[in-house]
Amino acid sequence: MNEKTHLPSVDRLLQQLGELIETHGRQLVTGSTRAELAAAREGIKHGLPLPGEEALLAAIRLRAAGAARANLRPVFNLTGTVLHTNLGRAQLAEEAIALMVEAARAPCALEYDLASGGRGDRDDLVSALLAEIVAGGSPEIAATVVNNNAAAVLLTLNALAQGKEAVVSRGELVEIGGAFRIPDVMRRAQVRLHEIGTTNRTHAKDYAEAIGPKTALLMKVHTSNYAVTGFTKSVEEREIAGIAHDAGLPFVIDLGSGTLCDFAAYGLPAEPTPQQALAAGADIVTFSGDKLLGGPQAGLIVGRKDLIAKIKKNPLKRALRVGKTTLAALEATLRLYLDPDRLRQRLPTLRLLTRPTNEIEALGQRLLPAVQNALGSLAQVEVSPCSSQIGSGALPVERLPSAALCIRPPARRPGKVLLQIEAAFRGLPIPVIGYLRDDAYHLDLRCLEDKDEARFAAQLQSLKL
Ligand SMILES: *Cc1c(COP(=O)(O)O)cnc(C)c1O
């Protein structure tokens with residue numbers, strides 16, 4: 001034992017941590033013990049008193065619990081952004097979760113044709129379902145699935161236009177966030193970008209005049225995350241399709257979000273669908289699985305059977321394909337669309353986007369006393385109107401009326417207190433993520449469903465301010 005500090009030995013501490021070892025394993029507990037002893041030694045060096053053995057054991061238990069906790073933790077998304085990319089986008093439907101768990105647990109017929117006993121194709125699990133949903137079951141329509149929509153665009157371009165040109169309007173050369181910029185993706189796909197028109201205006205003749213011997217396809221990119229307003233002109237999909245087809249070329253649309261249902265029917269702002277795009281003459285559409293569709297992270301490529309076959313033969317497809325758990329979640333999510341009457345109730349994304357404002361407000365009133373109680377005199381809490389956004393670049397200018405718990409410190413310059421409050425909510429067992437605006441901390445309650453109300457309220461007592 002070290003004479004100067006008299007800290008107990010690792011072995012001595014471990015002897016008293018049998019139960020903790022039982023829970024977390026010897027290696028983790030030993031590591032936590034060593035780390036806690038090192039921290040104590042460091043503290044003593046800086047003049048802190050020698051900790052007692054009980055205090056040390058308690059600190060080790062706390063440290064071990066922290067180290068054993070998963071890195072990927074559930075949170076309450078009260079940011080007001082329903083499809084928050086940093087918080088995992090769409091929450092899956094229970095049906096999707098169930099099929100995903102089954103696929104994870106046991107062998108499954110991923111690429112195995114149960115009818116013939118021969119080899120199957122993983123895309124067949126969803127291809128006919130997608131054709132049913134987007135094209136009334138047309139036998140001319142097929143689909144393939146990759147890791148995300150960025151991969152879907154990359155693969156489609158490389159498979160259909162490598163070494164040739166793709167014609168795109170300047171107004172659609174978007175950056176989707178992170179490193180997804182259409183010109184960069186084109187380059188990586190080894191496709192030459194042929195820009196036409198101007199930022200605000202592109203005409204039909206621009207498309208027609210751009211077509212030459214090197215042209216492989218015409219492309220339209222849904223400008224998901226921004227809006228150009230004022231003196232603008234873009235060309236109708238039907239017209240671009242006509243120009244492409246007259247020249248014997250395919251017309252590809254990157255839809256981005258690609259909801260599969262009619263948003264207007266749910267009182268939501270209209271968003272273009274793959275159904276409309278294909279009906280307007282698109283040969284291939286690509287869209288995300290975890291944006292408005294409400295499924296797992298995936299990129300869906302849907303369209304003309306012969307083009308899908310060509311895309312699937314591309315070696316990149318193997319590099320970008322998805323696994324069984326993703327396909328299970330996607331299949332189950334797509335099946336929900338076959339029963340539109342119950343879709344809103346079963347698909348969390350749609351349920352959250354269409355949640356009535358008065359329901360959110362009532363939840364706020366119910367939670368208000370508990371939140372005020374947890375904060376004491378540090379801040380004043382009230383329920384105030386706010387607006388949620390859809391997120392993930394979908395419908396960037398549209399807002400959904402919602403209600404928030406608005407937490408306002410009385411101080412004239414509340415910056416520091418606000419950061420303290422924000423950190424305290426983030427530090428809860430199930431971290432709560434809100435947002436700061438106008439000298440107040442806001443918790444938009446749209447995404448706190450009534451079924452989670454009790455869990456949210458129960459943990460407020462561990463709020464550490
Ligand atoms: C979101 C989006 C993408 C990227 O999709 P991920 O699924 O995030 O890879 C590509 N294009 C458009 C138009 C988008 O909105």
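Everything numeric in this text was worked out from a predicted model, so none of it was measured. Just follow the structure's listing: the first ligand is 1, and inside any ligand the first atom is 1.
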Within-shell test, D254 vs ligand 1, heavy atom, strictly < 4.0 Å: yes

Residue K291 vicinity, atoms of ligand 1 by number, heavy atom under 4.0 Å: 1 (C), 2 (C), 3 (C), 5 (O), 14 (C), 15 (O)

Within-cut-off N or O pair, S257 and ligand 1, under 3.5 Å: no

4.0 Å heavy-atom contact, R89 with ligand 1: yes

Minimum heavy-atom distance between L255 and F287, given as atom pair plus value: CB-CB, 4.2 Å

Sub-4.0 Å atoms of ligand 1 with respect to non-hydrogen atoms of H222: 13 (C)

Salt-bridge present (E359, R355; N to O < 4.0 Å): yes

Ion pair K305/E140, N-O distance below 4.0 Å: no

Salt-bridge contact R346-E94 (side-chain N to carboxylate O under 4.0 Å): no

Residues K220, E172: salt bridge by 4.0 Å N-O rule: yes

Atoms in ligand 1 flagged as close to A150, the criterion being non-hydrogen separation under 4.0 Å: 4 (C), 5 (O), 6 (P), 9 (O)

Proximal atoms of ligand 1 relative to S288 (non-hydrogen, under 4.0 Å): 5 (O), 6 (P), 7 (O)

Ligand 1 versus Q297: contacting region, heavy-atom distance under 4.0 Å: neither

Salt-bridge present (E331, R122; N to O < 4.0 Å): no

